[in-house]
Novice: 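Pasting a structure here, questions to come.
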Amino acid sequence: MYKPTFNKRQVLVFHHFGNKGYSLFSCLGREVVCSVLSVATLTYASAESVSTNPVVTDSTAMTTAREMQLEEVSVTGSRAPLTRSQAARMVTVLDRADIAQAPVQSINDLLKYAIGVDVRQRGPIGAQTDISIRGGTSEQIIILLNGINICDPQTGHNVMDLPIDLSEIVRIEVLEGPAGRIYGTSSLVGAINIVTRPANTTSADVTVEGGSYGYLKASGRANLQKGKWNNQMSAGYSRSDGYSRSKDGSLNTDFSGSKAFYQGQYEDDAVRVNWHLGIADKGWGSSTFYASPKWQADDQYEHTTKLFTAIQAQTKYGRLRFAPSIYWNQNRDRYEGYRGQADKMKYNYNRTNVYGVNLNSYFDWVAGRTAFGAEIRNEDLVSGNLGEPLSQPHHICGTDRDYTLGVNRTNISGYLEHNLLFKNFTLSAGLVAVKNSWSNMNMSIYPGIDMSYRPGQKWKLHASYNTSLRMPSFTEMYYKVQGYNADPHLKPEEMQAIEAGVTYHTLPFTFNATFWYHHGKNMIDWIMDTSKGEQAVWESVNHTKINSIGLEVSTGIDFKQLLPNQHVLKDLKLSYSYIDQDKEQEANIVSQYALEYIRHKFIGNLGLQIARKLGLTMTIRWQDRIGSYTDFDGNVNNYSPYCLTDARLTWQEHTWKLYVEATNLFNTSYHDYGLVEQPGRWLIAGLSLHL
């Protein structure tokens, strides 16, 4: 399902024909691809809206890759747009076809099948999920929507409350390892970019699903394309009764929510402009999500409302290209320690506003391609329990209470990157300079360098060294409720990493292997010293250092190419990852994040074509997590390995499809978080119409 980008032989790519009598002769002896897809690289600009133009560098000392590629899809992990064949860093890409076949109902569940990604569920079908990369925490990665940073500085727990549906996604890009000079702060151990775009034609889609535990979902999408303008609107609703009950017998893992998303595009010969506006409103029973042996609440509840807006543009001609963007994201959160019992424990209210302005630029010259730019991002929180006292309280809408606390900080960053582009070799080096107003942080510089060498059409070797930082979340700095004691003086986390790998691609086989090493200092975690007995609380602390090493291996077979005379086997993909951290866990110390990671993870995916219109996808995921947790009886338990099997059966017609899927097919009992029960077998049936 997941596949890394790899070196492709040079091709001649057209996005339209010249309508000339001599046009055909330029194709002789060359592979020709007709394409209308677009490039995805520039940070904070719509990742699918940046066109790749031929590199015009001309030097006798440098033979640049003069590929005549017009709008070729490119995911490079660099600031400047480069084609896939030029890319110096590996990026995992999940495209639309992979998404359509996956036996999942949310982006959260989909990311479980990325080999370097750790998806720890607190609730089903995306109710609440923590996502991390390469042994990090959910706070240490950056989530982007069309290249826009949508991370919430309050907490990383709810970042995946998105306004979009799986059917709207063009692709998902996963960049593993520090990405400070590409995506700025927060990208300590990686980045996930979710790319959408309006459809190419006027159309409409409707989807209805139902399944176990009272699950129901209905969604629709309509697109209007006229001339240079393209507008698309979607909306959806989902709900479930939940899979468990509290001690008093009430539902405690139920959820319901609505979402709506509008995106538009204007494009002419000179400029492309994209914009989006989205809202996601959801409430869910939080069961024992934040419980502890000391506070055994089993009927918590949380409700979030999120607003996403952005306008992005990109110039399309001239030596110097510009890609500015401006965005505003708002996050509202209400947490109930005891569901519906404000008199027993008052509700926590938080409202975060994030404003950002970004300018990306690049130009070609005799020595290669150079990119530069800057961003200003302001993060403002008003809260009932997080932050410093406000000089002027703000009223909480719909209540008789006020926001009395708050935090405001501004992050300023600038970057510079240069790319040397040879025929079989790419060198990309740059840095990001960062200054944050919080705690009078000094200007800090984080460099990085990526290299790739293509010894032949089938092979690609890559190596990199990158650094990054992450500012503490407001929750890590100020949360002091019911057994939690945060530290407002936490230091920023910092990471250094090296990586080396090899990719081999030739039909019908693909192979990829990557080795990496991370050295982190001042790593932030919530820990509890159980030796303190009744006085033990969760405390946010800076671990001094954590060293991690890892190996990721994946391979794939395309049976249609290998055995063209058979029509049942489609493809087989196998992936494995290994992680080891040498930070020794102190006696009696229990960790929530930094000392809990997946040591072994294996994923197998098999695609079958049972009949001409009937397809079956089977996926197996086995993982073994390092770490332990203390149960409500005070016993310390190690996490146990588990294996889950998911399946999806699809009948595909031209204008509609019918599907049935099962997650946790064999009803395996397992835990992602020690005190949170996970659901058993979950069956879903759905119908999707394309009009």
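Numbering starts at 1 and runs along the sequence shown. What you see below is based on every heavy atom in this structure, not just the backbone, and it leaves out hydrogens, waters and symmetry mates.
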Novice: Give a yes or no on whether the backbone of Cys151 and the side-chain of Asn149 come within a donor-acceptor separation of less than 3.5 Å.
Specialist: yes
Novice: Hey, are the side chains of Pro163 and Ile279 touching, using non-hydrogen atoms and a 4.5 Å cut-off?
Specialist: no
Novice: For Ala536 and Thr530, work out which heavy atoms get closest and say how close.
Specialist: CB-CA, 4.4 Å
Novice: Just by distance, do the side chain of Ser258 and the backbone of Tyr237 share a donor-acceptor pair under 3.5 Å?
Specialist: no
Novice: If we only count heavy atoms from C-beta on, is the Lys601 to Ile579 side-chain gap below 4.5 Å?
Specialist: no
Novice: Which is it for Val117 and Ile131 under the side chain to side chain contact (heavy atoms under 4.5 Å, CB included) test, yes or no, and what are the steps along the way?
Specialist: CA-CA 7 Å; Val117 178; Ile131 297 179; 3.7 Å; yes
Novice: Taking salt bridge (Lys or Arg N to Asp or Glu O under 4.0 Å) as the cut-off, I'd like each qualifying pair that reaches into residues 144-161, sequence neighbours left out, listed once.
Specialist: Asp161-Lys282
Novice: Give the minimum heavy-atom separation between Ala297 and Gly337, together with the two atoms involved.
Specialist: CB-O, 3.9 Å
Novice: When rounded to the nearest 0.5 angstrom, what is the spacing between CD1 in Ile115 and CD1 in Ile603?
Specialist: 4.0 Å
Novice: Is there a donor-acceptor pair under 3.5 Å between the side chain of Tyr639 and the backbone N or O of Gly674?
Specialist: yes
Novice: What do the steps show when you test Gln312 against Tyr327 for side-chain hydrogen bond (donor to acceptor under 3.5 Å, both in side chains), and what is the final call?
Specialist: CA-CA 9 Å; Gln312 305 156 276; Tyr327 61 92; over 6 Å; no
Novice: When you check the gap from the basic side-chain N to the acidic O, do Asp646 and Arg621 get nearer than 4.0 Å?
Specialist: no
Novice: Between Asn664 and Trp682, does any side-chain donor sit less than 3.5 Å from a side-chain acceptor?
Specialist: no
Novice: Do His671 and Tyr642 have side chains that approach each other closer than 4.5 Å (heavy atoms only, starting at C-beta)?
Specialist: no
Novice: So Trp328 and Tyr355, would you call those rings parallel, tilted or perpendicular, with 30° and 60° as cut-offs?
Specialist: parallel
Novice: Per the side chain to side chain donor-acceptor pair (under 3.5 Å) rule, which among Thr304, Asp333, Thr475, Asp130 passes with His157?
Specialist: Asp130
Novice: Please check: side-chain N/O of Ser287 versus main-chain N/O of Phe289, any donor-acceptor pairing under 3.5 Å?
Specialist: no
Novice: Under a 3.5 Å threshold, yes or no: a donor from one side chain and an acceptor from the other, between Glu653 and Trp651?
Specialist: yes
Novice: Are the side chains of Leu166 and Ile107 in contact, using a 4.5 Å heavy-atom criterion?
Specialist: yes
Novice: Among all residues two or more places apart in sequence or in another chain, which pass the ring-ring contact (aromatic ring centres under 6.0 Å, His included) test with Tyr335?
Specialist: Tyr290
Novice: Report yes or no: does Asp631 contribute a side-chain atom to a donor-acceptor pair with the main-chain N or O of Asp633 at less than 3.5 Å?
Specialist: yes
Novice: If you look at every heavy atom in Tyr478 and Val407, which pair is closest and at what distance?
Specialist: CE1-CG2, 3.6 Å
Novice: Between Phe261 and His276, is the gap from one ring center to the other below 6.0 Å?
Specialist: yes
Novice: Kindly compute the distance separating CZ (Arg599) from CD (Gln623), expressed to the nearest 0.5 Å.
Specialist: 14.0 Å
Novice: Are Asp281 and Thr305 close enough that a side-chain donor and a side-chain acceptor fall under 3.5 Å?
Specialist: yes
Novice: Quick check: closest heavy atoms across Thr309 and Asn329, and the distance to 0.1 Å?
Specialist: N-OD1, 3.8 Å
Novice: Does Leu675 offer a backbone N or O that forms a donor-acceptor pair with the side chain of Thr288 under 3.5 Å?
Specialist: yes
Novice: Any side-chain donor-acceptor pair under 3.5 Å between Asp298 and Asn252?
Specialist: no
Novice: Please report the C-alpha distance between Arg334 and Glu336 in whole Å, then the side-chain angles of each, then the deciding distance to 0.1 Å, and finally whether the side chain to side chain contact (heavy atoms under 4.5 Å, CB included) criterion is met.
Specialist: CA-CA 7 Å; Arg334 182 184 80 249; Glu336 304 175 11; 2.9 Å; yes
Novice: Which of these, Arg134, Arg625, Lys112, sits in a side chain to side chain donor-acceptor pair (under 3.5 Å) with Asp118?
Specialist: Arg625
Novice: Is the backbone of Tyr243 close enough, under 3.5 Å, to the side chain of Thr253 for a donor and an acceptor to pair up by distance?
Specialist: yes
Novice: Set out, in order, the CA-CA distance, both residues' side-chain angles and the distance that settles salt bridge (charged side-chain N to carboxylate O under 4.0 Å, His left out) for Arg122 and Glu302, then state yes or no.
Specialist: CA-CA 12 Å; Arg122 282 196 175 96; Glu302 192 162 3; over 6 Å; no
Novice: Would you indicate whether the side-chain heavy atoms of Ile169 and Ile164 approach each other to under 4.5 Å?
Specialist: yes
Novice: Run the side-chain hydrogen bond (donor to acceptor under 3.5 Å, both in side chains) test on Thr619 and Asn605 for me, step by step, so that the C-alpha distance in whole Å, both residues' side-chain angles and the decisive distance to 0.1 Å come before the verdict.
Specialist: CA-CA 4 Å; Thr619 302; Asn605 180 274; 2.9 Å; yes
Novice: Under a 3.5 Å distance rule, please check whether Asp254 uses its side chain to pair with a backbone N or O of Arg239 as donor and acceptor.
Specialist: no
Novice: Without swapping roles, check the side chain of Asp402 against the backbone of Thr404 for a donor-acceptor pair under 3.5 Å.
Specialist: no
Novice: State, with a plain yes or no, whether a side-chain heavy atom of Phe602 is found less than 4.5 Å away from one of His600.
Specialist: no
Novice: Distance-only, no hydrogens or angles: does the Thr650 side chain make a donor-acceptor pair with backbone N or O of Gln652 under 3.5 Å?
Specialist: no
Novice: Taking side chain as C-beta onward, heavy atoms only, is Leu94 less than 4.5 Å from Val174?
Specialist: no
Novice: Are Gln121 and Asp109 close enough, and set up right, to give a side-chain hydrogen bond (donor to acceptor under 3.5 Å, both in side chains), and what steps lead you there?
Specialist: CA-CA 9 Å; Gln121 284 192 318; Asp109 291 328; 2.7 Å; yes
Novice: I need the minimum non-hydrogen distance between Trp538 and Ser292, along with the two atoms involved.
Specialist: NE1-CB, 3.6 Å
Novice: Ring centres of Tyr629 and Tyr673 under 6.0 Å apart?
Specialist: no
Novice: Which atom names give the shortest non-hydrogen contact between Cys643 and Thr668, and what distance separates them?
Specialist: O-OG1, 3.3 Å
Novice: Could you check whether Arg339 pairs with Asp248 (Lys NZ or Arg NE/NH1/NH2 to Asp/Glu carboxylate O, under 4.0 Å)?
Specialist: no
Novice: Within this structure, what is the OH-CG distance for the pair Tyr338 and Asp299, rounded to the nearest 0.5 Å?
Specialist: 10.5 Å
Novice: Flag the pair Asn158 / Gln128 as yes when at least one side-chain heavy-atom distance between them is below 4.5 Å, and no otherwise.
Specialist: yes
